[in-house]
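In what follows, a structure is listed as structure tokens, so that the remarks can point back to it.
The sequence lines fix the lettering, A, B, ..., with proteins before strands; numbering per chain opens at 1.
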Amino acid sequence: MRLNSQRKKTNQIADTREPMELNELEKVRLQKVQELAEKGISAYPTRSFITTTIKDACAAFEKAEAEGQPSPEVTIAGRMRSLRVMGKLAFTHIEDGSGRIQLFLRINELGDQLQFFKDYFDIGDFIEAAGTVTRTRTGEISLQVTSIRMLSKAISPLPAEKEEVVDGVTIRHTALTDPEIRYRQRYADLVVNPEVRNIFRTRAKIVSALREFLDGHDFLEVETPVLQPIYGGAAAKPFVTHHNQLHQDLYLRISFELYLKRLLVGGLDRVYEIGRDFRNEGVSFKHNPEFTQLEFYCAYFDYLKVMDFTEEMIRFAAEKALGTTKIKYGEIEFDLSQPWRRVNMREGILEKTGIDISKYETSEALEAVMKEKGIKVKPGMQRGKLIDQLVSDFLEPTFLQPTFLYDYPWEISPLAKRKPDDPTTTERFEGYLAGMEICNAFTELNDPIDQETRFIEMGRTYSEEDEEHNPIDEDYLRAMRYGMPPNGGFGMGIDRLTMLFTNKSTIREVLLFPHLRDRDQAQSEEIE
RNA sequence: GGGCGUAUAGCUCAAUGGUAGAGCAGUGGCCUUUUAAGCCAUUUGUUUUGGGUUCGAGUCCCAAUACGCUCACCA
């Protein structure tokens with residue numbers, strides 16, 4: 001039922017679809033496509049005959065120039081990004097994935113083809129040009145074009161981009177700035193705003209640096225199910241889906257944790273996974289419904305070893321992705337080559353609020369003292385949640401420099417091992433950079449009896465309807481009963497790390513296709 | 001979900017309640033070293049949508065939608 005109604009909303013039936021309405025500019029360009037076809041020229045030919053990339057063509061020219069050799073003859077291709085036509089000559093810049101070069105078109109070399117170019121070629125088109133690389137009078141490396149071909153005609157004009165370089169600073173006179181269009185039409189954003197492409201190059205470098213680091217420490221990269229019959233490993237509401245043939249409801253995973261730790265039982269001592277988690281919750285500048293997570297588990301590590309390892313890994317990622325460990329995030333600067341501050345949660349809260357949480361063992365007692373101190377509390381919160389609130393109100397905002405906050409109350413850490421000398425506290429830490437929570441780790445609970453007790457306890461604290469109420473994963477308990485090595489586990493949001501490394505204030509900037517409301521759906525819902 | 005803000009030409013933006021404009025892009029013309037090329041001419045609008053107030057609404061009011069900021073939610 002649910003799926004049917006969704007399908008109705010989002011998919012247009014193909015045979016009832018009207019042809020796309022084109023604006024005047026698009027009609028003019030479509031007309032050019034048709035006129036070319038009448039001449040027997042395809043605006044979308046099947047093959048290109050390039051001999052090199054733009055970057056390599058420029059490099060070859062500079063080498064030949066330095067050695068006094070003749071200029072290279074090349075065939076290159078790219079998207080037209082600027083156009084200046086003047087009578088019997090024209091200049092245009094084309095851009096491929098490697099770079100940008102100016103084309104210099106003269107009637108002397110091109111003859112009739114110059115008029116052909118002026119009649120049918122527009123900014124945004126992909127074109128192929130053959131010729132000799134030279135310098136123009138102003139010294140700019142340019143291709144002196146002897147023949148030119150259309151490779152792919154752009155019907156829709158790109159959002160206009162005009163650039164001027166003054167004293168080495170690029171001034172963009174008009175650009176695509178509306179965030180809604182930028183995210184909905186990311187392809188246009190990427191074409192017109194080159195710095196956006198760099199965000200995703202950096203992101204890719206971060207991910208491959210993390211892989212390199214973990215692979216180098218003998219970790220095995222694995223893949224575990226995204227579709228899960230039982231969700232768990234985090235307190236979050238899941239997305240629900242359905243397998244038709246099996247008549248089975250399935251959840252999109254909210255974490256990888258329970259599957260990865262099953263692998264430790266199986267003898268894979270060091271495992272990690274980089275992949276997508278899905279949480280059916282609010283969207284904000286640091287929350288997207290699907291996000292990329294790194295989790296690793298390492299046998300015979302405890303949370304202190306994980307802390308050291310985390311420092312090393314994030315420093316490595318910064319060096320590889322940015323070439324520096326010094327990060328500037330807005331007004332905040334920090335250096336990842338330095339050890340992180342380590343703050344004990346009880347001591348941290350005591351210092352900031354004067355409340356010693358170890359002296360208030362029930363939620364009632366803690367709530368009372370918080371009220372006494374003038375802290376606003378929602379009535380009926382559990383002790384763990386109250387402590388969580390103290391952390392986010394009084395500690396988190398102070399963690400601008402790299403900080404580990406450690407030793408969390410057991411109530412909000414059902415998968416973490418208790419401290420040997422204090423069963424109300426677990427060996428857990430979260431890492432903070434620039435005030436933002438970036439990772440979460442603990443000495444993993446491997447005692448199947450304690451784990452079972454905690455699952456049952458957790459069940460009591462949530463009502464049946466509460467979607468954060470995880471069903472007990474009996475198979476996970478069975479796995480643990482076979483014996484799980486002591487181990488340290490770790491989870492980190494790749495999107496947030498990318499935000500920090502690229503100095504972006506919203507998660508949407510570091511996601512190629514961030515989740516946005518569906519406009520068509522809103523309209524068809526009204527019709528229904 | 002709550003609060004605040006924004007929505008005008010393909011793009012970036014103007015317009016005191018009184019004929020909806022500019023630059024760029026487009027189209028036509030001139031132009032053999034330009035790079036925001038230049039010069040001349042010229043086209044482009046359901047002012048997001050639906051109501052209301054008014055002689056008259058892009059502008060004021062109400063509602064809807066989307067986006068932004070923010071709060072809530074978020075181990």
Taking the six-membered ring where the residue is Trp, are the ring centres of A:Phe513 and A:Tyr183 under 6.0 Å apart?
no

By nearest-nucleotide position on RNA chain B, the 5'-leaning member of A:Thr506 and A:Tyr408 is A:Thr506

Paired to B:A75 by Watson-Crick or G-U wobble criteria (both distances under 3.5 Å) is none

Please report the distance separating the C1' of B:A14 from the corresponding atom of B:A7, rounded so that it comes out in whole Å. 15 Å

Rounded to whole Å, the CE-P distance (A:Met436 to B:A75) equals 17 Å

Scanning all shown strands, the Watson-Crick or wobble mate of B:U8 with both distances under 3.5 Å is none

Note: A:Pro397 and A:Ser392 closest approach over all heavy atoms is CD-O, 3.4 Å

inquiry  = Counting the atoms with a prime plus P, OP1 and OP2 as sugar-phosphate, which does A:Ser413 contact under 4.0 Å by heavy atoms, base, sugar-phosphate, or nothing?
reply    = nothing

Ranking A:Asp122 and A:Phe104 by the position along RNA chain B of their nearest nucleotide, the one closer to 5' is A:Asp122

**Prompt:** When you check the gap from the basic side-chain N to the acidic O, do A:Glu444 and A:Lys261 get nearer than 4.0 Å?
**Reply:** yes

Quick note, A:Tyr183 side chain, CB onward, closest among B:A75, B:G68, B:U35 is B:G68

For A:Ile438 and A:Leu500, the nearest pair of non-hydrogen atoms, with its separation, is CD1-CD1, 3.2 Å

In terms of relative ring orientation, are A:Phe296 and A:Phe490 parallel, tilted or perpendicular, with 30° and 60° separating the classes?
parallel

Using a 4.0 Å heavy-atom cut-off, does A:Leu516 contact any base of the nucleic acid, only the sugar-phosphate backbone, or nothing at all? sugar-phosphate

Checking N1-N3 plus N6-O4 or O6-N4 for Watson-Crick, or N1-O2 and O6-N3 for wobble, each under 3.5 Å, the partner of B:C60 is B:G52

Against the side chain of A:Leu89, the closest entry in B:C67, B:U32, B:A72 is B:U32

Residue-phosphate contact under 4.0 Å: A:Lys118 side-chain N/O, B:U27 OP1/OP2
no

Which of B:U70, B:U32, B:U35 is nearest the side chain of A:Glu140? It is B:U35

| Counting any heavy atom closer than 4.0 Å, what does A:Arg29 reach on the DNA or RNA strands: base, sugar-phosphate only, or nothing? | nothing

> Is the A:Tyr303 ring parallel, tilted or perpendicular to the A:Tyr406 ring (thresholds 30°, 60°)?
Replying inline: perpendicular

Taken to the nearest whole Å, OH/A:Tyr120 to P/B:U27 is 12 Å

- Message: Any N or O donor-acceptor pair under 3.5 Å from the base of B:U33 to the side chain of A:Thr138?
- Response: no

Nearest heavy-atom approach of A:Arg197 to A:Val191 is NH1-O, 3.6 Å

Of the listed B:G68, B:C74, B:A37, the closest approach to the A:Met86 side chain comes from B:A37

Of the listed B:G26, B:U34, B:A75, the closest approach to the A:Asn440 side chain comes from B:A75

To the nearest angstrom, the CD1-P distance between A:Ile94 and B:U34 comes to 21 Å

Q. Using the C1' atom in both, what is the distance from B:G10 to B:G5, to the nearest Å?
A. 26 Å

Using Watson-Crick geometry (N1-N3 plus N6-O4 or O6-N4) or G-U wobble (N1-O2, O6-N3), each under 3.5 Å, B:U47 is paired with none

* **Nearest-Å distance once atom P is located in both B:G18 and B:G29** => 41 Å

- Query: Using atom P of each nucleotide, how far apart are B:U59 and B:U46 to the nearest Å?
  - Reply: 16 Å

Could you tell me how far B:A57 sits from B:U47 if I compare only their C1' atoms? Round to whole Å.
11 Å

Original post:
Quick one: does A:Gln102 reach the base of B:U34 with a side-chain donor-acceptor pair under 3.5 Å?
Top reply: yes

In whole angstroms, the gap separating P of B:A75 from OH of A:Tyr406 amounts to 23 Å

| said: Does B:C67 have OP1 or OP2 under 4.0 Å away from a side-chain N or O of A:Arg184? | reply: yes

Using Watson-Crick geometry (N1-N3 plus N6-O4 or O6-N4) or G-U wobble (N1-O2, O6-N3), each under 3.5 Å, B:A36 is paired with none

note: A:Lys88, atom NZ; B:U34, atom C1'; distance rounded to Å ~ 16 Å

Practice problem: Indicate, with yes or no, if the rings of A:Tyr251 and A:Phe278 have centres closer together than 6.0 Å. | Solution: no

Rounding to the closest angstrom, what is the interatomic distance between B:C24 and B:A63 at atom P? 41 Å

Between A:Ser413 and A:Arg454 the two heavy atoms that sit nearest each other are O-NH1, 2.9 Å

Winner on side-chain proximity to A:Val85, out of B:C74, B:C31, B:C67, is B:C31

Per atom distances to the A:Leu25 side chain, the nearest of B:G10, B:C74, B:U34 is B:G10

By the Watson-Crick or G-U definition, both distances under 3.5 Å, B:C69 is matched with B:G3

A:Arg137 CZ to B:U33 P, in whole Å, measures 6 Å

Note to self: Is the phosphate of B:C74 approached by A:Lys385 (side-chain N or O, under 4.0 Å from OP1 or OP2)?
What the structure shows: yes

Go through the N and O atoms of the side chain of A:Ser82 and the base of B:U35, and report whether any donor-acceptor pair is under 3.5 Å.
no

Winner on side-chain proximity to A:Glu180, out of B:C67, B:U35, B:C74, is B:C67

Here the distance between atom P of B:U32 and atom CZ of A:Phe117, to the nearest Å, is 16 Å

B:U65 and B:C13, which share atom name P, separated by this distance in whole Å: 26 Å

In Watson-Crick or G-U wobble terms, with both distances under 3.5 Å, the base opposite B:U19 is none

Answer for the Watson-Crick or wobble partner of B:U42, both distances under 3.5 Å, is B:G26

- Checking all strands, does A:Asp388 fall into the base, sugar-phosphate, or nothing category for heavy-atom contacts under 4.0 angstrom? nothing

B:U6 and B:U48: how far apart are their P atoms, nearest whole angstrom? 13 Å

In whole angstroms, the gap separating P of B:U32 from CZ of A:Arg84 amounts to 16 Å

